[in-house]
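In what follows, every heavy atom counts, from backbone to side chain, and hydrogens, waters and symmetry copies are set aside. Below, read A as the first sequence line, B as the second, and so on, with proteins coming before strands; counting in each chain starts at 1.
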Protein chains: 2
Amino acid sequence: MARSGQPRVLLVEDEPAQRTVLAYNLEAEGFAVTQADNGEDAMVLVEEEDPDIIILDWMMPKVSGIEVCRRLKMRPETRGIPIIMLSARAEEVDRIRGLETGADDYVIKPYSVLELMARARAQLRRVRPSTAGVVLEHEDIRLDPESHRVYRGDKVLKLGPTEFKLLVTLMERPGRVFSREQLLDLVWGRDIYVDTRTVDVHVGRLRKSLMQYGGSDPVRTVRGAGYALG
Amino acid sequence: MARSGQPRVLLVEDEPAQRTVLAYNLEAEGFAVTQADNGEDAMVLVEEEDPDIIILDWMMPKVSGIEVCRRLKMRPETRGIPIIMLSARAEEVDRIRGLETGADDYVIKPYSVLELMARARAQLRRVRPSTAGVVLEHEDIRLDPESHRVYRGDKVLKLGPTEFKLLVTLMERPGRVFSREQLLDLVWGRDIYVDTRTVDVHVGRLRKSLMQYGGSDPVRTVRGAGYALG
DNA sequence: CAGGGCTGTTACACTTCTGTCGCATAGGCT
DNA sequence: AGCCTATGCGACAGAAGTGTAACAGCCCTG
């Protein structure tokens, strides 16, 4: 099912203050947030809200996070929902157990809110395009996120990993201008510190790749602002 | 309110040397910096300057950074301003997080200035993403902030960055007369030292660009007052 | 461990934009 | 009309933004 609009997140955390801060940040990030403070409610809300992603505290009264996770990953209809586990303990044992229960990612408290946001987005990105099965198209460029292939006309293009992510980002909103900072954010990840000029270089490489069999340059440079497709 | 120009940062740090270094770097990075060396002044300056982001030292005389943060996050009108907390040691970050002051990010001293800049920019981006998907229109001129494109009739116009920002400003309130000083403020940014006559020149350039395919002059000169659209 | 592909940075050339000046012209006032 | 000030506009040097090649480091794979 291809859904648009705000991605829905189910936030399960028993500590009210932490939950509030996280909810605030998630909402600022563009998520529609549903909150639960225990595992039982969480199980119900998964049904009702059908979230795109779940952020789950490990330690909770009644039904623990790990138990919620295990149950959800057992049921076929909820298995596909990415789960990020929050844990207070850093021991490797926990990490392994968390992943064994099927959590898709794992963040240790105290975490950087930014990091958590980045991971949530990454999970979402991972699940969304493929479940949607959408092929992105713009003019004569076709991009299949599932097979990781890019076509121009009837030719298959060869792109590097960064070029690919860059193109995905641009193609998700053709025409929109992305600043170098936004692109760093979306393509490289928000907690990576890379010179903004690097974006230029990769855009250059992407251009070259897109035109490897000829054709016009589909990437528009907006001086003083950034880059856009078309 | 859609603001353009330099992002404003309120830097609150009681140690003069550190404050100076940071202010210097922030300014070099394009921020308009307001400084405070204690929490009380900070609270006042938040009102007066309405900053886009606050960088806040944790340890300070009188009102501590934590307290400032807590107060600001409590009030709806200031809650949206991102706050980056500076803390002296890693363990303290835990405590700050434990206190749930609601800071948006934390940076541990000694920090890399580069990192702090990156985080500040990231926060700014998070809050001020883009002027919503609205297309500004006035008579036969259409301006799409997202794609950074300007049309007159069915022709795409080519504008320079300053001309574009100038036009955005004028189109946000068609008919309103903006003084040269206001335009400098809105388009160039707060404390940029530029001759007011420069506005004339850019208005001239904007006029030329808007009429590059013919058409009437949509910009009205109000002698002794400024410029307006229509 | 050598080779290849990819990445991030840097340097340089090139283009476009910017701010200021000087002078022409228009508008308003007495 | 005559005067004075505000505005328009072309020119220009310097600044800023951008494209690209070159390079060194990294992580693979064979």
Which pair of non-hydrogen atoms, one from [X] and one from [Y], has the smallest distance, and what is that distance?
| X | Y | result |
| --- | --- | --- |
| B:G153 | B:R142 | O-NH2, 4.3 Å |
| B:L45 | B:A36 | CD1-CB, 3.8 Å |
| B:I84 | B:I53 | CD1-CD1, 4.1 Å |

Task: chain B footprint on DNA chain D, 5' to 3' - any atom under 4.0 Å from a heavy atom - done: D:dT5 to D:dA11
- [ ] Check whether any side-chain heavy atom of A:L11 sits under 4.5 Å from a side-chain heavy atom of A:F31, and report yes or no.
- [x] no
Open item on the list: What I'd like to find out is whether the side chain of A:V9 reaches to under 4.5 Å of the side chain of A:I54, using heavy atoms alone.
Closed with: no
Main-chain N/O of [Y] paired to [X] side chain as donor or acceptor, under 3.5 Å:
| X | Y | value |
| --- | --- | --- |
| B:Q212 | B:L157 | no |
| A:D52 | A:R8 | yes |
| A:R149 | A:V156 | no |
| A:T78 | A:L72 | yes |

- [ ] Output yes when at least one side-chain N/O atom of A:K158 is less than 4.0 Å from OP1 or OP2 of C:dC6, else no.
- [x] yes
- [ ] Assign a letter to each nucleotide of nucleotides 19-30 of chain C from its 5' end: B, base within under 4.0 Å of a protein heavy atom; S, sugar-phosphate only; -, no contact.
- [x] BB-----BBS--
TODO: Residues of residues 209-220 of chain A with any non-hydrogen atom less than 4.0 angstrom from an atom of DNA chain C: list those, numerically ordered, please.
DONE: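 Per residue number, the list is empty: none.
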Considering every strand and a 4.0 Å limit on heavy-atom distances, what is the contact class for [X]: base, sugar-phosphate, or nothing?
| X | result |
| --- | --- |
| A:V199 | nothing |
| A:Y227 | sugar-phosphate |
| B:G224 | sugar-phosphate |

Task: Listed once per pair and sorted, the salt bridge (Lys or Arg N to Asp or Glu O under 4.0 Å) pairs that draw on residues 214-230 of chain A, sequence neighbours left out - done: A:R207-A:D217
Open item on the list: Could you work out how much the helix from C:dC1-D:dG30 to C:dT30-D:dA1 bends, comparing the axis of its first five pairs with that of its last five, to 10°?
Closed with: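 The angle, to the nearest 10 degrees, is 30°.
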Task: By side-chain contact (heavy atoms from CB on, under 4.5 Å) - contacts of B:V194 (at least two apart) - done: B:L184, B:W188, B:I192, B:T198
Task: Distance in angstrom units between B:L159 CG and C:dT18 P, rounded - done: 11 Å
TODO: Provide, to the nearest angstrom, the distance between the CG atom belonging to A:L183 and the C1' atom belonging to C:dG8.
DONE: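 Taking CG of A:L183 and C1' of C:dG8, I get 16 Å after rounding.
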Open item on the list: Is a donor from one side chain sitting under 3.5 angstrom from an acceptor on the other, for A:Y151 and A:D144?
Closed with: no
Task: A:P174: which of A:E139, A:H138, A:E137 passes side-chain contact (heavy atoms from CB on, under 4.5 Å) - done: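 Exactly one pass, corresponding to A:H138.
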